[in-house]
Amino acid sequence: MGSPPKKTALQRYLSQLQQHPLRTKAITAGVMSGVGDVVSQKLSGIQKIQLRRVLLKVIFAGGFIAPAGHFFHTTLDKFFQGKKDTKTVAKKVVVEQLTLSPLNHLLFMIYYGVVIERTPWNLVRDRIKKTYPTVQLTAWTFFPIVGWINFKYVPLHFRVILHSLVAFFWGIFLTLRARSMTLALAKAK
């Protein structure tokens with residue numbers, strides 16, 4: 001008798017996702033956030049990777065974003081009994097966009113300012129007052145589409161993974177946008 005065939009990396013990952021969903025989603029979100037930050041730093045011209053920043057983003061994504069998303073999606077699916085009809089999906093998107101989305105953005109802005117940048121709270125608060133509405137409004141132009149796809153077509157156990165993948169590109173987009181705005185301001189002076 002031969003040994004069973006070796007599992008591919010994808011098969012092992014999917015097995016972990018089934019056996020340990022929260023842990024697997026947290027690790028996935030953390031890794032994607034870390035890699036996304038490294039890419040963002042490189043694209044924004046940072047010569048030496050700020051490892052502390054990368055690690056703190058990994059902690060935030062794995063310690064808050066993934067667990068919050070996991071429990072949010074699980075609870076929402078239970079509440080709506082797993083339905084995927086158009087009306088139910090629309091309700092799920094609205095609930096997500098009015099609860100989890102604003103909370104994630106607000107807490108990330110606080111965490112980024114206070115913990116990652118080590119900026120005093122009063123300055124972080126002032127920055128949030130000025131920029132949070134724009135950040136959230138920008139997110140609302142894009143993330144409802146992601147939410148629709150997620151709730152309509154993506155199985156429950158992959159939803160946080162899809163959000164992590166989108167957040168990977170979203171973070172890079174925001175970094176490049178901030179860099180272009182900084183360069184434009186520097187040229188104007």
Side-chain angles (χ1 to χ4, degrees), residues 1-43 49-97 99-105 107-108 111-112 115-116 139 142-175:
M1 290 202 140
S3 61
K6 293 188 186 249
K7 289 183 177 181
T8 66
L10 178 60
Q11 288 170 324
R12 288 192 306 271
Y13 178 81
L14 293 174
S15 176
Q16 287 298 308
L17 189 58
Q18 288 295 330
Q19 294 172 16
H20 308 285
L22 182 56
R23 179 180 71 190
T24 305
K25 291 172 190 174
I27 292 168
T28 303
V31 168
M32 291 180 88
S33 180
V35 171
D37 192 51
V38 169
V39 171
S40 293
Q41 287 186 45
K42 283 300 185 184
L43 289 174
I49 296 298
Q50 299 169 4
L51 189 56
R52 178 183 175 278
R53 177 177 130 169
V54 172
L55 292 175
L56 289 171
K57 284 184 139 186
V58 166
I59 290 168
F60 185 78
F64 172 72
I65 295 293
H70 171 80
F71 290 114
F72 177 83
H73 286 284
T74 302
T75 302
L76 206 59
D77 241 38
K78 284 180 184 172
F79 182 80
F80 287 106
Q81 302 168 348
K83 295 179 184 173
K84 290 188 173 194
D85 60 278
T86 301
K87 189 175 179 180
T88 303
V89 170
K91 289 176 185 177
K92 288 179 179 181
V93 170
V94 169
V95 169
E96 178 185 51
Q97 294 306 308
T99 58
L100 191 62
S101 175
L103 179 65
N104 280 349
H105 289 108
L107 291 178
F108 180 75
Y111 180 82
Y112 193 85
V115 177
I116 294 176
F142 174 68
F143 276 98
I145 297 164
V146 174
W148 184 273
I149 292 166
N150 221 4
F151 291 122
K152 185 75 174 172
Y153 304 107
V154 178
L156 176 61
H157 59 284
F158 288 121
R159 291 184 190 154
V160 172
I161 308 299
L162 177 66
H163 266 283
S164 295
L165 180 62
V166 171
F168 172 87
F169 292 106
W170 179 249
I172 293 170
F173 164 76
L174 291 177
T175 299

*Any chance you could measure Lys25, atom NZ, to Arg159, atom CZ, to the nearest 0.5 Å?*
9.5 Å

_Please give me the minimum heavy-atom distance between Phe168 and Val35, naming the atom from each residue._
CE1-CG1, 3.8 Å

*Closest approach of Leu162 to Asn150 (non-hydrogen atoms, all atoms of both residues)*: CD2-OD1, 3.3 Å

*Between His163 and His73, does the ring centre distance come in under 6.0 Å?*
yes

*Do Phe142 and Trp170 make the cut of ring centroids closer than 6.0 angstrom?*
yes

*Please step through side-chain contact (heavy atoms from CB on, under 4.5 Å) for the pair Leu14 and Phe158, ending with a clear verdict.*
CA-CA 10 Å; Leu14 293 174; Phe158 288 121; 3.5 Å; yes

_Derivation of the side-chain contact (heavy atoms from CB on, under 4.5 Å) call for Phe79 and Val95_ = CA-CA 12 Å; Phe79 182 80; Val95 169; over 6 Å; no

_Salt-bridge present (Lys83, Asp77; N to O < 4.0 Å)_ = no

*Calculate, to the nearest 0.5 Å, the distance between atoms NE2 and CG belonging to His157 and Leu17 respectively.*
5.5 Å

*Step by step, work out the side-chain contact (heavy atoms from CB on, under 4.5 Å) result for Phe72 and Thr99.*
CA-CA 10 Å; Phe72 177 83; Thr99 58; 3.4 Å; yes

*Go through the side-chain N and O atoms of Thr88 and Asp85 and say whether any donor and acceptor fall under 3.5 Å apart.*
yes

*asked:* Whether the side chain of Gln11 engages the backbone of Thr8 through a donor-acceptor N/O pair (distance < 3.5 Å, no angle test) should be reported.
replied: yes

*Starting at CG of Leu100, measure out to CZ of Phe71 and round the result to the nearest 0.5 Å.*
13.0 Å

_If you compare all heavy atoms of Ala66 against all heavy atoms of Gly62, which two are closest, and at what distance to 0.1 Å?_
CB-O, 4.3 Å

*asked:* Let me confirm one number: the OG-CG distance from Ser15 to Leu10, rounded to the nearest 0.5 Å.
replied: 11.0 Å

*Does some side-chain heavy atom of Val38 sit less than 4.5 Å from a side-chain heavy atom of Val54?*
yes

*asked:* Between Arg53 and Ile116 (side chain of the first, backbone of the second, donor and acceptor by atom type, cut-off under 3.5 Å), is there such a pair?
replied: no

*Give, for atom CZ of Phe151 and atom CD of Glu96, the distance between the pair rounded to the nearest 0.5 Å.*
4.0 Å

*Specify the closest pair of heavy atoms between Ala61 and Ser33, including all atoms of both residues, with the distance to one decimal.*
CB-CB, 3.5 Å

*What is the minimum heavy-atom distance between Gly82 and Lys92, and which atoms define it?*
C-NZ, 4.4 Å

*Run the side-chain contact (heavy atoms from CB on, under 4.5 Å) check on Ile161 and Tyr13 step by step: do they pass?*
CA-CA 12 Å; Ile161 308 299; Tyr13 178 81; 3.0 Å; yes

*asked:* By the salt bridge (Lys or Arg N to Asp or Glu O under 4.0 Å) test, which pairs, at least two apart or in different chains, include something from residues 142-156?
replied: none

*Which residues satisfy the side chain to side chain contact (heavy atoms under 4.5 Å, CB included) test with Leu165, sequence neighbours excluded?*
Met32, Phe169

*Kindly say whether Val160 contributes a backbone atom to a donor-acceptor pair with the side chain of Ser164 at under 3.5 angstrom?*
yes

*With side chains defined as the heavy atoms from C-beta onward, is the minimum distance between Phe143 and Val166 less than 4.5 Å?*
yes

*asked:* Donor-acceptor check, side chain of His20 to backbone of Gln16, threshold 3.5 angstrom: yes or no?
replied: no

*In Å and rounded to the nearest 0.5 Å, what is the OH to CD1 distance from Tyr111 to Ile65?*
10.5 Å

*Does any non-hydrogen side-chain atom of Ile59 lie less than 4.5 Å from one of Phe64?*
no

